[in-house]
Amino acid sequence: MDTDPNATADRHDLVRRYYDALDSHDYAVLEQLLSPAFVQRRPDRTFEDREAFVAFMRDQRPNPDTDHALESIVVDGDRVAVRGRVVEEGTVLFEFADFFHIKDGQIDHLETYSR
């Protein structure tokens with residue numbers, strides 16, 4: 001377990017910037033936050049690389065005008081767990097839990113669960 005408070009703050013900030021980039025449609029920043037080897041697994045699909053994920057978020061996201069209301073961010077070494085809700089115009093669309101793996105200052109892997 002990483003006990004360096006600066007590393008913990010950096011990882012917390014990295015994940016916060018990920019959601020900010022999604023919510024503000026800043027796909028250039030989103031791409032910078034993800035490693036080239038980025039993979040996301042979620043209940044409905046898997047993205048095997050950064051380019052596929054960013055393209056989907058930019059061009060095919062079913063609800064692009066949403067915000068991520070984060071309830072908790074927990075950092076444990078190179079892993080970050082986030083619990084929150086996806087909200088559109090004040091209406092909660094679903095709840096989610098995201099589990100990030102951070103490598104070399106970028107998001108390398110993301111497991112997403114929702115209900």
Starting from the C-alpha separation in whole Å, work towards a yes-or-no answer on side-chain contact (heavy atoms from CB on, under 4.5 Å) for Val80 and Val74. CA-CA 6 Å; Val80 180; Val74 178; over 6 Å; no
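- Using bins of under 30°, 30° to 60° and over 60° for the plane-to-plane angle, the ring pair Phe99/Tyr113 lands in the perpendicular bin.
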Verdict with reasoning, Asp78 to His101, per side-chain contact (heavy atoms from CB on, under 4.5 Å): CA-CA 6 Å; Asp78 60 0; His101 178 257; 3.0 Å; yes
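- Around atom CD of Glu89, no more than 12 heavy atoms belonging to other residues, nucleotides or ligands sit under 6.0 Å away.
- You'll find the ring centres of Phe100 and Tyr18 inside the 6.0 Å limit.
- Ring orientation note: the planes of Phe47 and Phe53 are nearly perpendicular, at an angle over 60° on the 30°/60° scale.
- Tyr27 places a side-chain N or O within donor-acceptor distance of the main-chain N or O of Met57, the cut-off being under 3.5 Å.
- Here Glu31 pairs with Arg50, Glu51, Val54 under the side chain to side chain contact (heavy atoms under 4.5 Å, CB included) rule; sequence neighbours left out.
- Atom-to-atom distance recorded for Arg11:CZ and Asp76:CG is 10.0 Å, nearest 0.5 angstrom.
- Looking at Glu95 and Arg85, no side-chain N of the basic residue comes within less than 4.0 Å of a carboxylate O on the acidic one, giving no salt bridge.
- To the nearest 0.5 Å, atom CD1 of residue Ile73 and atom OG1 of residue Thr8 are 12.5 Å apart.
- Here the rule is side chain to side chain donor-acceptor pair (under 3.5 Å) with Ser35, and of Asp49, Asp104, Asp108 only Asp108 fits it.
- Checking side-chain atoms of Asn63 against main-chain N and O of Thr66 turns up no donor-acceptor pair under 3.5 Å.
- For the 3.5 Å distance criterion, the side chains of Tyr19 and Asp98 qualify, holding a donor opposite an acceptor.
- Judged by distance alone, the side chain of Asp23 and the main-chain N or O of His68 form a donor-acceptor pair under 3.5 Å.
- Side chains of Leu70 and Val82 form a contact here, defined as non-hydrogen atoms less than 4.5 Å apart.
- Shown here for Phe56 and Arg45, the closest heavy-atom pair between the two residues is CE1-NH1, 3.3 Å.
- Remark: side-chain polar atoms of Gln106 are paired, donor with acceptor, to backbone N or O of Leu34 under 3.5 angstrom.
- The environment of Arg83 atom CZ is sparse: at most 12 non-hydrogen atoms of other residues, nucleotides or ligands sit within 6.0 angstrom.
- Using a 4.5 Å heavy-atom threshold, the side chains of Asp65 and His25 count as touching.
- Put simply, CD on Gln40 and CG on Leu110 are 4.5 Å apart, with the number rounded to the nearest 0.5 Å.
- Residues passing the side chain to side chain contact (heavy atoms under 4.5 Å, CB included) test with Arg41 are Val39, Thr46, Glu48, His109, Glu111, sequence neighbours excluded.
- Connection of Leu93 to Phe96 is established within a shared hydrophobic cluster, with ILVMFWY side chains joined at heavy-atom distances below 4.5 Å, either directly or through further cluster members.
- When the side chains of ILVMFWY residues are joined at heavy-atom separations under 4.5 Å, either directly or via intervening members, Val29 and Leu22 end up in a single hydrophobic cluster.
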